[in-house]
Each structure stands twice: as structure tokens, then as C-alpha cells.
Colleague: 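Sharing a structure, written as C-alpha cells. Questions coming.
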Amino acid sequence: MPSGPYDADAVEEKWQQRWLDEDTYAYQESEVDDPDTAFAIDTPPPTVSGNLHWGHVYGTILQDIVARFTRMQGEEVFYPFGYDDNGIASERLTESELDIRHQEFTRREFQQKCREVCAQYEDEFTENLQSFGFSIDWDNTYRTIEPRVQRTSQLSFIDLYEQGKEYRKRAPAIWCPECETAISQVETEDDEQHSHFHDIEFGVVDSEGQRPSGSRSETGDSEAAGQEEFTISTTRPELLPACVAVFVHPDDEANQNLVGEAARVPLFDHEVPIIADERVDMETGSGLVMCCTFGDQTDIEWYQAHDLDLRVAIDESGHLTDVAGEYEGMSSDDAREAIVSDLEDDGALLDRWEITHTVNVHERCGTGVEFLVADQWYVEMLDSTDEYLEAGREMDWYPEKMFSRYKHWIEGLQWDWCISRQRSSGIPFPVWYCEDCDEAVMADKADLPVDPLSDDPPVDACPECGGEEFVPEDDVFDTWATSSLTPLINAGWDWDDEQGEFTMENPELFPMDVRPQGHDIISFWLFHTVVKCYEHTGEVPFDSVMINGMVLDEDRKKMSKSVGNVVSPETVREEFPVDAARFWAAGSSIGDDLPYQEKGLRAGEKLLQKLWNASKLVDSLTPETAPDVDEADLSALDRWLLAELDGEAAFVREKLENREFSKARDSLRSFFWGTFCDDYLEIAKERVREDDDESAKYTLTVAHERFLKLFAPVLSHISEEIWQEMYAESEAPRASEASGEAASSEFQSIHRTAWPEPTGIDADHDAGETAMAVVGALRRYKSERQLPLNTELDTVSVYGNVDGFERDIRNVMHVETLETLEAEPEIESVVTGIDLDYSVVGPEYGADVPDIEDGIENGEYEISDDGETLSVAGHELSTAEFTVERERRYTGEGEMLEADGALVIVQQ
RNA sequence: GGGUUGGUAGUCUAGUCCGGUUAUGACACCUCCUUGACAUGGAGGAGGCCGGCGGUUCAAAUCCGCCCCAACCCA
């Protein structure tokens, strides 16, 4: 071992390079003889056109701890990585980098350019990730835009279609008129914008005699007959031509008379029904709302609930259609001004005032979204919600509470999943339609990936009507339709045309063992993945789900670019060792948010230094190869340490299996620091130096190597460094043994060694604890008297079980004579109080407990001579129900200390 | 607006499912100690109406109800 402090920079870089060079963590299929020994992590692919941010690092550290830990349990771990470059973000990036427009190219050409541009970003992203030394298998990566993944996406679409799980329907879509593309709900956000409210007068159509009889009260009738107009408040008068109905809240007494009547839309003169619906917001405006095609989400709901007409007044570029008559061709802004002005001329504009309100905008350009009607493909979900719920139940959720989110999501489903996007780039639908009968013709699975815009359909004539002309589908898939297939992509799911069935290249990987995911995006990502993979394979795609929280800043605020409180991984990397960051991340309770705190990283750094220093000491005390000592000959203290360490190894294993990172980390840290370094090592080093104690040398070696392995999943670099320095040579490489391949050139990483099996050594746990407590009491004795810790003590007498530890106590605390007492030392004791054991007394005496307490408080009690019975408040309490508290005064020579489990008398 | 989760010393947290009277640990703070791995160390100390109000109970951080605050999800 090198002398001096731990040089994290050099060590970490060295091992990161070595792990990459040697493919240390590459998935070795040959190692898997039973699917149960393969462990697959389905990592969600990040968008690589943005920067690596600290949240990525945090989530990946947790995955990596699981990966490294699981390898040490003897499983072959598949830890792949994906890059999501199939999205608007990547396309925009490509356009701006190359100064082109995607419309200038075919899809294939443009996607090729996207791949080229993204490749640079991917390299940077990869380099960044690799500077954290994650045990990702860099031979197993994919890009969501690559042809192989396009093929998987299109296969998925065709498979669901053939299963009858997909349908095509003309329905509303969220549309950005600026980008001229459909976008998904998750790509929109709320924005405060200035606008105007307009009070507009609508006429009531005289429809006497046409009303259904008996539907309203007499009074309502007569009132309606007298009303000839009403007021609508709207921020969007340009939608008047799209108006298809007027709504009134069922509880709106004042306007109830209008329900069932028809309204005449000003300027455009068409008639629309007046309908009652509780989705009307009675607080805003007049309480009467016009429903258009489509002003907002509620309009869509009304359209579907009440089977209303469609009047599409705004086209894909945000201009008015022929439905708008003389306003056709105007932009919606121009049309608004023109219509308002004409309303004013007509006297129909009653009022106009400025307001600020929230509007739904496209997150990328800030333009208010429109709702257009378009042909869409949908994945049917509503008919299978029971199955999806059951699938969710079959997975282990870490933390468990996240299952309730899944449950609520399933139960709250109201829409099938729209997978069509009217973007001009992306992964195309492999579909053509017969020009004559609109029959959908799917591509042949063997031909995928295809682009209908440039490829021919697989048939010459329509199988339905014989028509020979086809129209290619020009929509592309929602990116989630691809992102939800990662388990299938990772397992190599494909269509085998010869066998006529779906196959998997690595069937042993599916279902995947764990799916990591941030809790902010589980609904639209994880859930979709479960649903899609379940439909394709009939299996739940994950055995378990590991949900991580968000990284917050030091003030527990969410990190965001606009607030400017983001932490850049590069900066952290410059300031702290990676292992310190890993220590920090491992301090999280799974699912909880974790604030980034430098002191957390500093604590990690201190632990690294402690581990390094302790290792140097162990190295200096022990020979190159572990001494050959029969475990039966070990001293009591050594047996005690190894037995305690057995317990710690089992505890850490259990906690990591349950993804209770922080419990594993904290317990191991304090056991190592407190029990090993402060208690054991202090004693052992004296024994080795003074007596050349073989038992201690053996124990130091065994325990120390075990500590390195227990730390290895969390402190990956330093544990590798020290282990390689001290133990690698003496441990037979497992990999070469099994495979017989070029063993000499392959090095054995600590992360591919086995987790410590219990030594099974028996020890007197209580005597060890008591001995440590006695040492603690003596330290305190010296400390309180401001004596150096190596002050000699003449005689120490111990009343308590420290059998076998006498010599250790003597040596470490510099005690001349240590004797153990058979009988309690000369003590005068005064009763100072009675402690009740409430868990027994409570249920036994119930409401009398306060009386008993009062009796004790006032001294109105009696303890029997043998101390077995306590008489108080008319009850006789037995010995199990109370403890007598005494103040003990030692009357003999010297000073008495109280330790946990022992009385100690010091004579200096 | 609906749902979910959380609120415990100055800070971060354990404990809450399954109630038991001295509430866990770390950081920061205060005092003392340079002994041979480590002062990024060691020994000790102080610091809490467990978000608020009510209820159940012999007993509540823990169970129930209402309220306040925060985050996230859905609208």
C-alpha cells in the first residue's frame, strides 16, 4: 500500500479506464446456465441532446449499486444503456446544428442526419457517464432512432393491430400551430398570458312548440318564452364560427330556463343547442359557455359526451377555414380582431376587458395550443384495465407505496392511448390505405422497418375491394410508443418469418429483474411499458420496479434551469471523488427526494480517508498471505468480531436486497468506524505489535477483506483499489475457472467476487459487548479526568461477564492488574424510584395505572424484602412489572464506574 | 379543483404499517485530548411542546378526524 493520503483522482481514473479496457462488466451470456442467474436492469433511455444532469447521476448511482451488489450475489448482470434520440428535441437540434429543415429531406435522410448530429452528443454523454465509473455494459447500447429499434416499434404496432388491440379513429388532437405538429399532453405546460374577456350577445331561437313536453316546469317555460337573448363571456371570439353548443350548469337556477332551447350564433347565424352539463364553471363570466371545435379540453369532452357536431374553423397552420365564411384564410389573431370589430358594429359586443389567465402552451415554443380533429391510431386500454392492475400487483415495488400511483392511474383511465403524431419526422406507421375503400394495409413483418412514404405496400391490390391505388400513412409514432418497448429491445424481441413467431435473442433476460425510474415520470413511461410488453408477451415485463426521487438543491427546492439552482456533474466531479458522490446518493431512502448537500459528500470523503488509513494500518500489521490459524484457536475478541461481522454482512445484504440503501450504508459505516476501527483495531494493533499475535493477524486479514467487499457496491473505486493491492492475488479468479479463457490477461474485479459467506464462528456476544462497554467506561474515566488515554491504571476490578476479554481490556486501557469479581462490590444503594413496565402494567391494570403512578410518586408503596413484590394503590405488582431504580454508592477503595452490563472499580 | 406523499433538534434523517413512557444517527455547535493508520482523528456535552387542533386509549411521533404547509401526479 502506498503511504500518504488517499489520492482519489488518480485511483478512480485508473479503475474506470481498466474496467472499460477489460470489459469488466460486459454481460457474459456464457455465464448464465439458468435464467434465474441472469439479472437484467431495464434502464430508461435519457434524451441525449441535453446535458447530463445531476439527477441522471443520482439515479444511475442507485442502479449501479444494485448492479454491483447483484453481481456479488453470483448473478450475471445485464446493465444496458439506451439513448433517446427519437424526439422533437433531437430533430430541432439537428435542424439548428446543420441549419436545415426536415421538410427538405426524406424521413430516412433526415433521420440519418439526426443520428449523425446526436452521435456527437451521445459521445459526450457517454464520456460524462464513464467519468463516474458506472458498471454499464457499453457493448449493449441502443439508440431509439436506429433501424433495429424502428423495426421493433413497427413490429409492436403490427402485432397489436393483429391482436385487435388497435384502431383508427377521427378524433381531436393537441396541435401546435407554430410547429405545425401534433404534440402530446405531456409536451404542454401552463403559462400566464394577457388576454381579453368579451361579453357577446347570443340570440335565443324561437322554437315554441318544438320543445319536448314535460321536461321543464311551468315557470321555466314561461320565462324562456320571454327571453330573447343571453350573454356569453369568452376569451376566444375567433372561435364563434366553430361554436356547436352552449352549456349551462345544472345547478344554475337563473339560466335553467334556457336548457333545451336553441341559440343563434352572432355574425355566423347558425343554430346550436343549449345543454346542461356540470362541467360548466359557474364562477366565470355569465355562467353560460359556448362549446367550440375545439377551444379547450372541456370542449372535447362535451363533443364526445353529447355527440355534438364538428365545426372545424382553424386549420393546421392556425388559419381560419371555410366554416368561417368571409374570415377564411385569416390567422386566428387577425380573425379575432376582425370578428370583435364586426360584433361591435352589430351591437353584439356588450363588453370587453383585459385579463390574465393560464393557457395551455407548447413547452418548446410557448405558443398556445389548438385542438384539431385528425385521423388517429389508438391502443385500446380501457377494456383490459383489470389485467393491467393485476400485472402491477405482480411486481415488487420499491418503495411499495408507488403501487398506489399505478393503481390510481389505471383506475382513472378515461381514454385509449393515442399513438399517432402528425410530425413529419419520427418512426413511421407501417401502413397504407386503399384509396377506394380506406382499408388499412399493414407492411409485411419481414420487410420492417419501412417508410410508407418511400416504400411500396406489400400487396398489388386491396384485399378488401381489389383497388390498386394506395395512400401511404404519413403519421409517425408517439415517442412513448417506442420508449415503452425497452425491455423488448433489450431482450432482442423480433419476428422470425420462417417460424412465423416472435422470438427473443436473449430470452433469459425477460422479464427484466428491475426497472429503475424517477417518480415524476412513472405514469406515462413505466406504465405504458408494462401495458405494451404485457400485450406482446403475455408476461409482466418486470419483476420489480425501483423508483427514485428527485434531486433537490441545498434548500430542498427542485433543481431547474430557469431558477438557476442546477448542480453540474462536471463541477461535482472536480470537487469530490466519485465514491464520495456514491456515498451521498446511497444515503437516500428509496423513492424519497434527496437534497444535494456538500456536507453529505464531505462525509463520504471522510469515510474514504478513514477506510484508506485503516487499510494502511491493517496492511502494516499483517503478512502478505493470511496466517494459517485454526478458527478454534482464535481468541475471544477475534471470535466476537468475526461473529459480529457475520451479522453485519447479512444485514447489509438484506437491506440492499430491499433497496434500503441508506440503512445498509449507515449501518456498515458505523460498524466499520465504531466497532472495527475504534474498538477492535485499537486492541488488535497492540496485540500484533507486542505479542506478534497470530490470531489477531488472521482476524485482521479476514475481517478487512470482508469489509472491502461489503463496501464494494457503494464505494466502488476505493474498494477495488485496496482489494487489488492487498488481496486480489490470493483469491482464485472465478471467471477464468468457469470459462477457462485467457485467464492470465483478465483481472478479477472485486465486484465479480462473491459476497462474504458467514464464517459461522460462535462467540459470546454479551461478553464482547460488556467488554467494549468496560473499555468505554475506562476511556470516559480518563477523559473526564483529562488524563491521556495511555495513562497507566493500577488495578481495575470488573463485576460482570467479560470472560476471555480480560487481556484485551488490560492492554488497550493500560491496566496493570485486571481482576473480575465474583460478588457484587460493597455497595450502598438508595432507592430513587420505581420504573414500571407499561407494556405489562398497562393492559393489566388499565384505568388504575394513574393511581399506581400517584402512589409511587408520593412514596406510598412498599417493596417486599426479597424485592419480588411491589404493593401500591391496593395492587400487588410482581417482579416482571416493575424495576427498582437505585442510586449505588461504592463504599470500598477506589472509584466505581457503571458500564452497560458491568460495574467497574478503578484504583489508580 | 381531485389524488398521492411528506412535515421529527440549526440542517439532513431513523422510528410511524404492528401504540408502551429516556425519540435514532450524521453534519454543524461547545469542552477536552496531538497516543506510533487517520485532527478528514479520539473522548465527552448541549440542543426536540415529533406541523397545528381535536378524538380514541391506562398509554399517541405512531391510530382516527379536521386544518395548515410543501412536493409530485392528474385535471
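Residue numbers start from 1 in every chain, and the chains themselves are labelled A, B, ... in the order their sequence lines are given, proteins ahead of strands.
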Colleague: Please lay out, stage by stage, how Lys685(A) and Glu682(A) fare under the test salt bridge (Lys or Arg N to Asp or Glu O under 4.0 Å).
Modeller: CA-CA 6 Å; Lys685(A) 73 180 178 191; Glu682(A) 290 294 330; 3.3 Å; yes
Colleague: OP1, OP2 of G44(B) versus side-chain N and O of Arg780(A): anything below 4.0 Å?
Modeller: yes
Colleague: Checking all strands, does Glu598(A) fall into the base, sugar-phosphate, or nothing category for heavy-atom contacts under 4.0 angstrom?
Modeller: nothing
Colleague: Identify the two heavy atoms, one from Asp299(A) and one from Gly295(A), that lie closest to each other, and give their separation to 0.1 Å.
Modeller: OD2-N, 2.7 Å
Colleague: I'd like a table of atom pairs between the protein and nucleotides 10-20 of chain B - only N or O on both sides, under 3.5 Å - with the distance next to each one.
Modeller:
unit_1	atom_1	unit_2	atom_2	d
U11(B)	O2'	Lys599(A)	NZ	3.4
U11(B)	O2	Lys599(A)	NZ	3.3
U13(B)	OP1	Arg556(A)	NH2	2.6
U13(B)	OP2	Arg556(A)	NE	3.2
U13(B)	OP2	Arg556(A)	NH2	3.0
G15(B)	OP1	Lys663(A)	NZ	2.9
G20(B)	N1	Tyr838(A)	O	3.3

Colleague: The side chain of Arg779(A) is closest to which nucleotide in this list: U5(B), U40(B), A43(B)?
Modeller: A43(B)
Colleague: What nucleic acid atoms does Asp678(A) come within less than 4.0 Å of, heavy atoms only: base, sugar-phosphate, or nothing?
Modeller: sugar-phosphate
Colleague: If you look at every strand shown and take non-hydrogen atoms under 4.0 Å, does Trp584(A) touch a base, only sugar-phosphate, or nothing?
Modeller: nothing
Colleague: Checking contacts here: which listed nucleotide (C27(B), U4(B), C58(B)) is nearest the side-chain heavy atoms of Arg669(A)?
Modeller: C27(B)
Colleague: Taking all non-hydrogen atoms of both residues, which atom of Ala586(A) and which atom of Ile65(A) are closest, and how far apart?
Modeller: CB-CD1, 3.9 Å
Colleague: Where along residues 607-616 of chain A does a heavy atom come under 4.0 Å from RNA chain B, residue by residue in number order?
Modeller: Gln609(A), Lys610(A), Asn613(A), Ala614(A), Lys616(A)
Colleague: Out of the candidates Val688(A), Leu681(A), Asn613(A), only one should pair with Val618(A) under the side chain to side chain contact (heavy atoms under 4.5 Å, CB included) rule; please name it.
Modeller: Leu681(A)
Colleague: Strictly by side-chain hydrogen bond (donor to acceptor under 3.5 Å, both in side chains), give each pair with a member in residues 594-604 of chain A just once, sequence neighbours left out.
Modeller: none
Colleague: Does the side chain of Glu721(A) come under 3.5 Å of the side chain of Tyr6(A) through a donor N or O and an acceptor N or O?
Modeller: no
Colleague: Quick check, are the ring centers of Phe711(A) and Phe672(A) under 6.0 angstrom apart?
Modeller: yes
